[in-house]
Each structure stands twice: as C-alpha cells, then as structure tokens.
Amino acid sequence: MEEGVETVRTMPDGFDGAIMAVESIEDAVAFLHGPGGCRVRLMVHSTAVFPRLTGEMDEDYCIPYFNGYPRVPATYLDEYDYINGAYYKVEEGLGVLDSKEPSLVVIINSPGAALIGDNHEKAIMEREMGDRAIYMDESLVSMPMAPCYGHTLAAIMEHLDPVREDVEEGGVILLGLTILDKDWMYARDELSEMIESMGLHVMCAPGAGASIEDLRRSVNAEYAVVVCPEACSGLSDYYESRGIRVISSPMGAPVGFDAIRCWVETIASETGRDPSVPLSEIERTESRIRDKLAGMKYNALRMKGMTFSVAGVASVVRPLTEWMYRYLAMAPVAVAVDPGADPEQTEALKAFLESVDYGGSFGREPLEGCGVVLCEGVTACTMEINGSCRIGIPIGHSSLGLDDIIPRPV
C-alpha cells in the first residue's frame with residue numbers, strides 16, 4: 001500500500017451543526033448568545049450555503065443585535081457580561097428580533113456563554129414569545145456536527161408539536177439532507193424527481209430549505225425517506241413515533257449507480273410503487289458514461305489503479321468507496337469517516353475494505369501524494385493547489401466560497 005503523511009482536517013462540530021440546522025429553515029432565526037467573533041464566521045457561512053436575502057448589508061437590519069447583517073444575530077457578549085451575566089441582552093435582543101416577525105427564534109449559546117447560565121426561558125416568557133422561541137441549553141460544541149443537526153431539528157419539531165390529522169396518501173418527506181451538503185438544492189430536486197416519477201409526491205425536506213409551515217405539515221406524510229442517516233439522528237425517530245414509515249437504504253446514501261439503484265428499489269419495495277421510470281433513467285445515464293469512458297480509450301485506462309483518499313459522512317463514504325473501486329478500478333489507500341458515523345454503514349465499509357485487502361486503509365485521513373482526494377472542500381482544494389494530490393474533489397461542506405455553475409451534487 002502507498003505510504004504518505006495524513007492530512008489534518010478542520011471539521012465543524014455540533015455548535016456549527018445546530019446553527020446551520022436552524023438556518024436551514026427559511027423563516028427561522030438562529031439567535032447566537034455569544035461574542036461577535038463567533039458570529040462572523042457563522043453568518044457568512046449561512047449566507048453562502050443558503051442565500052435568502054439580496055445584498056450582504058441591509059439598511060433594515062442596521063439595528064442592535066443584527067448590526068447590518070440579517071443572518072445569525074448575536075448578543076455580542078463582552079468581558080463585563082461574562083462576569084455579571086447578560087440576561088438583559090437576551091431579553092432585549094428577543095424584542096428586536098421579534099420586530100422582524102420570524103416564525104421561530106432559536107437561542108443557541110456559544111461555548112463560552114454556556115458557562116454564564118443566563119435564564120433564556122425567563123427571557124422568552126418576559127417577551128411573551130413562548131409559542132415562537134425556544135433555546136438549546138446543551139453543550140453542543142462537544143457533539144458531532146451531523147447528529148447535532150438532526151438533534152436540533154428534532155427539538156424544533158418537539159416544540160412545534162404539530163397534529164397528525166390529515167395524512168397525505170403517497171406523501172414523502174426527505175430526511176438527512178443538510179445545507180452543508182455540496183449543491184444540496186440540486187440534490188434535493190433530483191432525488192425528489194426520482195421519488196415523484198414513482199407516483200409519490202415530496203412534501204418537503206426538513207433541514208434542507210423547508211419553512212416552519214412545511215415542518216408543521218410534514219407530520220402528515222405517509223413516508224420519510226432517508227438520504228444520510230447521520231444528519232437525521234433523532235429526527236427520524238421523531239417522525240417514526242408520529243406514525244410515519246421511515247425508509248432507509250441498506251447501501252447508505254444514493255452515491256454511485258449501484259447505491260442509487262438500491263435507494264430507488266428500497267423506496268419502491270416499501271411503498272409498493274413501480275421503479276421502472278427512475279431505474280431506466282439511471283441505466284441511460286450509466287450507459288452514456290460507459291460510452292464516454294470507452295471513447296477515452298487509453299486516458300480512461302490511466303484511472304485504473306490510481307490511488308484515492310476519501311473522508312466524510314460514513315453513509316456517503318461507503319457507497320462512494322465501493323463505486324470507485326468496482327466501477328473505476330481505483331485503489332482506496334485512505335478511508336476515514338467523520339465523527340457521529342452511522343454504525344451500520346461504518347461496519348459495512350470496514351467489511352468491504354477487508355474483503356478487497358484494503359482493511360488497513362480504514363481510519364486514515366487523506367494522504368499526501370495520493371492520486372485523488374475526495375473530502376470537504378477546503379481540504380480537497382487546498383491539497384490540489386499545494387500539490388499534495390493530483391486531483392482534489394469537494395464532496396462536503398466548505399468549498400472555499402466557490403460555486404459550481406453546473407450542478408454537481410455528490
């Protein structure tokens with residue numbers, strides 16, 4: 001096996017996941033109880049992955065707590081607040097936020113602010129916002145990003161507590177997509193088209209651009225289809241407890257032809273629908289790519305045996321690794337899964353690597369000198385730029401602020 005230096009990746013944590021989960025709801029606001037320094041990165045990142053308003057600066061938001069920027073308002077804690085408490089900022093800030101008429105406000109502590117112990121529940125009651133404001137009073141920074149994303153959405157659903165009274169026959173909700181996923185909007189639309197071609201209809205995707213009204217209505221779905229189980233941890237359990245049938249593919253996320261087929265066939269089997277339309281489209285696409293590879297002749301042969309490193313969500317890494325090994329005959333020399341990995345997908349990935357004599361690759365971060373690196377955008381692009389790999393392909397959050405004009409979801 002090729003040896004090389006493992007790259008150190010910078011990963012988001014549960015604090016990032018909670019903020020982004022709230023920001024994924026188009027009419028909700030994440031209210032950060034923390035210093036301004038914590039806010040800047042989060043407000044810019046939120047706007048980059050899910051732009052909702054035109055212009056970065058808005059005169060209507062040149063008011064306290066927003067300070068000219070509409071996303072992720074904050075209390076701007078200072079040294080005085082850490083010593084004496086900052087309840088007054090939370091209570092006053094809620095009044096300012098309420099003037100913008102959000103459907104929901106979620107108060108989230110920065111790691112340092114969590115030590116102060118300000119009474120968020122009292123502030124919500126003082127502002128008479130009990131029906132449209134909640135707070136996350138947990139040590140989110142110590143949780144993995146993806147599970148915390150689903151955990152936060154589940155807490156929001158518990159707060160909304162919608163009544164399941166008008167079940168929509170054939171209604172589907174998509175779970176496990178996040179606004180941190182590469183090109184998530186196109187992925188949501190493409191997966192929805194596959195589902196709807198089987199005679200079902202997608203009502204919304206909680207965590208990927210849904211509104212509060214969408215979330216209320218979501219409990220009336222007949223089925224919940226999982227894309228990545230890690231990102232709907234707790235949320236899928238919530239929907240199952242409300243009588244919704246949760247469908248999850250044994251091959252993980254729909255990445256690569258085999259995994260997409262399995263995803264479609266699993267949905268069809270669980271819902272009693274005909275999968276012939278999406279399966280024929282998958283076959284047509286695979287045939288076109290097969291012809292393209294054949295036309296490349298010797299250039300295509302150069303891929304065979306090329307080494308690759310992959311790191312990310314286990315339910316994505318597993319089918320992607322299998323597809324690249326089996327379809328492209330490439331060698332998986334480093335395969336790592338992010339914290340909070342789905343245990344079933346992780347064990348299946350380990351078993352596959354063992355079966356093809358690459359068991360030692362598991363748990364290794366992207367290697368310098370590798371042929372292809374697939375991981376979050378910052379690492380993949382940086383490694384390609386500095387010559388640490390031949391090709392860097394972003395498959396996760398943060399792509400150095402660059403956008404693909406042509407849709408390229410994972």
Side-chain angles (χ1 to χ4, degrees), residues 12-129 132-137 140-141 145 149 152 156 179-180 209 211-212 397-398 400-401 403:
D13 55 27
F15 175 54
D16 299 273
I19 293 286
M20 292 302 168
V22 178
E23 288 293 295
S24 77
I25 304 170
E26 63 181 26
D27 51 350
V29 175
F31 185 22
L32 174 63
H33 187 41
C38 289
R39 182 201 181 195
V40 173
R41 178 179 60 85
L42 291 166
M43 73 184 192
V44 172
H45 197 184
S46 173
T47 303
V49 297
F50 187 18
R52 301 204 300 257
L53 294 173
T54 57
E56 293 188 354
M57 299 294 287
D58 191 314
E59 290 185 3
D60 292 338
Y61 288 87
C62 289
I63 53 179
Y65 303 97
F66 285 101
N67 290 349
Y69 207 100
R71 304 294 285 274
V72 195
T75 51
Y76 285 87
L77 298 182
D78 55 28
E79 62 275 15
Y80 175 89
D81 299 320
Y82 280 103
I83 296 171
N84 298 285
Y87 166 83
Y88 72 102
K89 285 188 173 180
V90 179
E91 192 269 338
E92 181 182 78
L94 283 173
V96 175
L97 267 63
D98 198 33
S99 69
K100 296 301 180 183
E101 301 181 340
S103 297
L104 181 71
V105 175
V106 182
I107 304 172
I108 298 177
N109 287 323
S110 71
L115 301 174
I116 302 175
D118 291 320
N119 193 334
H120 299 329
E121 183 177 16
K122 179 182 177 183
I124 290 171
M125 293 301 105
E126 284 290 325
R127 284 292 174 177
E128 298 181 347
M129 293 177 64
R132 57 191 185 283
I134 62 173
Y135 62 96
M136 301 293 291
D137 193 17
L140 302 172
V141 74
M145 189 283 291
Y149 197 98
T152 301
I156 290 171
I179 60 174
L180 295 176
S211 66
I212 290 296
H397 57 87
S398 301
L400 299 180
D403 294 319

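Both backbone and side-chain heavy atoms feed into the values below; hydrogens, waters and symmetry mates do not.
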Which pairs count as ring pair (Phe, Tyr, Trp, His ring centres under 6.0 Å) when at least one residue sits in residues 76-119, sequence neighbours excluded?
-> none
Shortest non-hydrogen contact from Ala86 toward Ile116 | N-CG2, 4.3 Å
Using atom types as modelled and distance alone, determine if a side-chain donor or acceptor of Tyr61 lies under 3.5 Å from a backbone N or O of Arg71.
-> no
Candidate pair Tyr65 and Leu94, rule side chain to side chain contact (heavy atoms under 4.5 Å, CB included), full reasoning | CA-CA 9 Å; Tyr65 303 97; Leu94 283 173; over 6 Å; no
Determine the minimum heavy-atom distance between Ala48 and Pro51, stating which atoms define it.
-> O-CD, 3.9 Å
Student check: side-chain heavy atoms of His45 and Met20 closer than 4.5 Å | yes
Quick one: which residue pairs count as a salt bridge (charged side-chain N to carboxylate O under 4.0 Å, His left out) with a foot in residues 112-123, not counting sequence neighbours?
-> none
Does the side chain of Tyr69 reach to within under 4.5 Å of the side chain of Thr47, using non-hydrogen atoms?
-> yes
Spatial distance of atom CG (Asp16) from atom OG (Ser46) [nearest 0.5 Å] = 11.5 Å
Residues forming a salt bridge (Lys or Arg N to Asp or Glu O under 4.0 Å) with Asp81, sequence neighbours excluded = Lys89
Would you check, one step at a time, whether the test side chain to side chain contact (heavy atoms under 4.5 Å, CB included) holds for Val49 with Glu23?
-> CA-CA 10 Å; Val49 297; Glu23 288 293 295; over 6 Å; no
Between Val105 and Phe31 the two heavy atoms that sit nearest each other are CG1-CB, 3.8 Å
Taking atom CZ of Arg127 and atom CG of Asp98, what is their separation to the nearest 0.5 Å?
-> 8.5 Å
Side chain to side chain donor-acceptor pair (under 3.5 Å) against Ser24, all qualifying residues, sequence neighbours excluded = none
Name all residues meeting the side chain to side chain contact (heavy atoms under 4.5 Å, CB included) criterion together with Ile108; count only those two or more places apart in sequence or in a different chain, and write none if there are none.
-> Phe15, Ala18, Ile19, Val22, Val106, Met136, Leu140
Approximate separation, where rounding is to 0.5 Å, of Thr75 OG1 and Glu92 CD = 11.0 Å
So which pairs with a foot in residues 24-39 pass salt bridge (charged side-chain N to carboxylate O under 4.0 Å, His left out), sequence neighbours left out?
-> none
Rounded to the nearest 0.5 Å, what separation is found between the CD1 atom of Ile124 and the CZ atom of Arg132?
-> 10.5 Å
Do Asp60 and Lys100 meet the salt-bridge criterion of a basic N to acidic O distance under 4.0 Å?
-> no
What are the two closest non-hydrogen atoms of Ala113 and Gly34, and how far apart are they?
-> CB-CA, 4.4 Å
Smallest separation among heavy atoms of Ile25 and Ser211, with atom names | CG2-C, 4.0 Å
Find the distance between CG (Leu32) and CE (Met43) and round it off to the nearest 0.5 Å.
-> 11.0 Å
Pairwise distance CD(Glu91) to CE(Met129) - rounded to 0.5 angstrom | 10.5 Å
